[in-house]
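Notes to accompany the following structure.
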Amino acid sequence: MVGLFLGLLGSKYLAKFVCLMMTFFFLAVCLAGSCFVSIMLKQILSKLPRKSQKSDSLDSAGIDSGNQTSNSGNGVQCTNIGNSISSRLSVVKRVSSAVFPASIMAGVEAVEPNLSFKDVSNPQKQNLFISKLNLCCEVSDFSDPDKSNAEQDLKRQTLIELVDFVSSGSAKFNEPATAAMCKMCAINLFRVFPPKYRSNSTSGEAEDEEPMFDPAWSNLQLVYDLLVRFISYSSLDAKVAKKYVDHSFILRLLDLFESEDPRERDCLKTILHRIYGKFMVHRPFVRKAVSNIIYRFVFETERHNGIAELLEIFGSIISGFAIPLKEEHKMFLWRALIPLHKPKSVGVYHQQLTYCVVQFIDKDPKLANSVIKGLLKYWPVTNSQKELMFISELEEILEMTSMAEFQKIMVPLFRRIACCLNSFHYQVAERAHLVWNNEHILNLITHNRQVIFPLIFPALERNSQNHWNQAVLNLTQNIRKMFCEMDEELVLTCQRKLEEENSRLSEAAEKRKLTWERLESAAGFQPAAANMIPPVKPAACPVAC
């Protein structure tokens, strides 16, 4: 049929027909292609975030940050919004491009951070929350109270709005919000502290020193409050948050315990405790990092402001250890906690240190032997205040010590207590005598009196003869009376042995005195004879050497 049709048409019209068909086909292809391209462009443009007309005007207004702001309505409004907000947005854009990957920021629509949460719809509140977090990333200078008051007020008002928004439970900490929160906290909190201009004494040694307060605390307190609420947020996904609250974040947080502001250290204590409870994967790292801080403090610097707060955190951590204790936890006791008795500034954190040690012994009573050996190793000889603290800690440990562990350590222990009984510092001597008032310790002494009485009795005798303080003399008489009521025969035996030992020492002293007298008389005679008689050459040795 086609051949017949072409034959009828003739060769003249065939060429025209083919050209016409090719033209129609080319036009159809062009029209279809243009429609497809336009559809694709529309889809791509629709996915791009749109800026409102107001934000465009703000971005084109310049970055002058010297304009003033004023409070009006529900929040802080800018008198010259264009320049001030544009400067803040430009800072946020420069930082966010490096912190937020494109995959995280996908689908996050930019919202003007100066708006109030009441002025936006519920779907936009989350984006406004992120925008306000980015706005607070600019660090204010509080060293000069007259500098940038407007900017500081704007930032403070924004932080207050953020705290209220998170407290209301309306915030959703998805990955962009979590990243923005951690970035804002890191920029505002992680900083280098100025050098310390105090006296050369170790930090915390002088407990009567006035604390130093940070001038930027009004804003820092809000950031800390926000961080606490973020870590404690019930709907926070730990798997997402641990990517931003990572090891580096925790290390920088631990560095802040060097702050001399006690208010900041108290906030850090709460935050670190919440992080330890929230992120189980970070627990071994936190313990290791705190151990390193203690090692550096004990063996290198002996300067740190936050040892008491760190030990307070560890007190609750140790109480949660499972039984039997892991070897890692015992090593922390032996290598970190016991050496903490060495520094001069132990009085600042001794209460927290004692609590940690007692918690360990409560978990494993067999550790009492090691702890008492450590106390005897670092026992202060010339520092009476430290000696008082050691005796108090020793009494708490002995209250939890079993009979078997007590018998392993009682000989060196009561030799040290005997020295304390004879101390000429009356407070140390009194405190050592008061150990006998503890019923558990008295029971341990009673069952082991055959060993302990001979160690203590000479010290009591020396006190009754030589001590200058009447209160100490009275306590000594009370303990002697207690010993007599406990075992009078043993006391008489100790008395006889002491008298024999004293007589033996007197005879030895008399012999030494006579020997020295003979030496002195001989030394006084020899120089005169030596001047008169010439020296005699030694005779030749008859025996060949």
Side-chain angles (χ1 to χ4, degrees), residues 65 87-88 91-92 94-96 98-100 132-160 162-163 178-198 203-204 209-231 241 244-275 282 285-286 289-290 292-293 296-297 301 303-310 313:
S65 61
S87 64
R88 290 164 175 76
V91 173
V92 171
R94 289 196 301 270
V95 176
S96 63
V99 175
F100 294 105
K132 287 183 177 292
L133 288 173
N134 292 335
L135 176 64
C136 293
C137 288
E138 185 177 353
V139 180
S140 301
D141 182 13
F142 287 85
S143 59
D144 185 2
D146 298 329
K147 183 178 179 181
S148 302
N149 286 332
E151 295 181 2
Q152 295 173 10
D153 291 342
L154 175 61
K155 182 177 179 179
R156 177 176 174 78
Q157 186 63 33
T158 305
L159 287 171
I160 293 174
L162 289 171
V163 171
T178 301
M181 173 66 74
C182 292
K183 181 191 71 171
M184 188 274 294
C185 293
I187 291 175
N188 284 276
L189 299 179
F190 299 158
R191 61 203 188 279
V192 178
F193 294 110
K196 300 174 183 178
Y197 297 106
R198 291 191 175 187
S203 178
E209 282 187 350
E210 289 293 331
M212 297 180 65
F213 299 106
D214 197 318
W217 179 246
S218 58
N219 274 18
L220 288 176
Q221 184 180 15
L222 293 172
V223 178
Y224 276 120
D225 192 11
L226 202 56
L227 182 57
V228 170
R229 296 177 188 277
F230 162 69
I231 298 297
Y244 303 97
V245 184
D246 55 1
H247 290 179
S248 176
F249 188 92
I250 294 173
L251 282 177
R252 298 293 301 276
L253 203 66
L254 288 171
D255 289 340
L256 295 177
F257 278 92
E258 274 282 13
S259 173
E260 296 195 8
D261 194 329
R263 301 169 298 180
E264 183 170 11
R265 297 199 302 270
D266 192 61
C267 290
L268 287 166
K269 178 182 65 178
T270 304
I271 291 169
L272 184 62
H273 192 270
R274 300 284 175 85
I275 289 176
H282 291 330
F285 179 79
V286 171
V290 173
N292 291 334
I293 292 175
R296 194 179 306 114
F297 167 71
T301 63
R303 296 185 63 90
H304 199 283
N305 295 310
I307 297 297
E309 287 79 10
L310 291 173
I313 296 170

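The two residues T178 and A241 come nearest to each other via the heavy atoms CG2-CA, 3.9 Å. Between L220 and N188 the shortest heavy-atom distance is CD2-O, 3.6 Å. In terms of heavy-atom proximity, A180 sits nearest to N134 at CB-OD1, 4.0 Å. F249 approaches Y244 most closely through the heavy-atom pair CB-O, 3.7 Å. Nearest heavy atoms, L133 versus M181: CD1-N, 3.8 Å.
Using a 4.5 Å cut-off on side-chain heavy atoms (C-beta onward), Q221 and D225 make no contact. At a threshold of 4.5 Å between non-hydrogen side-chain atoms, the residues L226 and L222 do not count as touching. Using a 4.5 Å heavy-atom cutoff, the side chains of L268 and E309 are not in contact. Residues N305 and S259 fail the side-chain proximity criterion, which asks for heavy atoms closer than 4.5 Å. Side-chain contact between L310 and L254 is present, with heavy atoms from C-beta onward closer than 4.5 Å. The shortest distance between side-chain heavy atoms of V290 and I313 does not fall below 4.5 Å.
Rounded to the nearest 0.5 Å, atoms CD1 (I231) and CG (L272) are 10.0 Å apart. Separating the NZ atom in K132 from the CD atom in Q157 is a distance of 8.5 Å, to the nearest 0.5 Å. To the nearest 0.5 Å, atoms CD (E264) and CE (M212) are separated by 12.5 Å. Separation of atoms CG (D214) and CZ (F193) is listed at 7.5 Å; rounding is to 0.5 Å. In this structure, CG in D255 is found 8.5 Å from CZ in F190, a value given to the nearest 0.5 Å. Atom CG of L135 sits about 9.0 Å away from atom CG of L159, to the nearest 0.5 Å.
We find that D266 and K269 are joined by a salt bridge, their nearest charged nitrogen and carboxylate oxygen being less than 4.0 Å apart. Taking a cutoff of 4.0 Å between a charged side-chain nitrogen and a carboxylate oxygen, E258 and R296 do not qualify as a salt bridge.
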>> Please determine whether side-chain contact (heavy atoms from CB on, under 4.5 Å) holds for the pair K183 and C137, giving the CA-CA distance in whole Å, both sets of side-chain angles, and the decisive distance to 0.1 Å.
In response: CA-CA 8 Å; K183 181 191 71 171; C137 288; 3.3 Å; yes
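Looking at R191, its side chain does come within 3.5 Å of a backbone N or O of L189 through a donor-acceptor pair.
Between H247 and F285, the ring-plane angle classifies as parallel under the 30° and 60° cut-offs.
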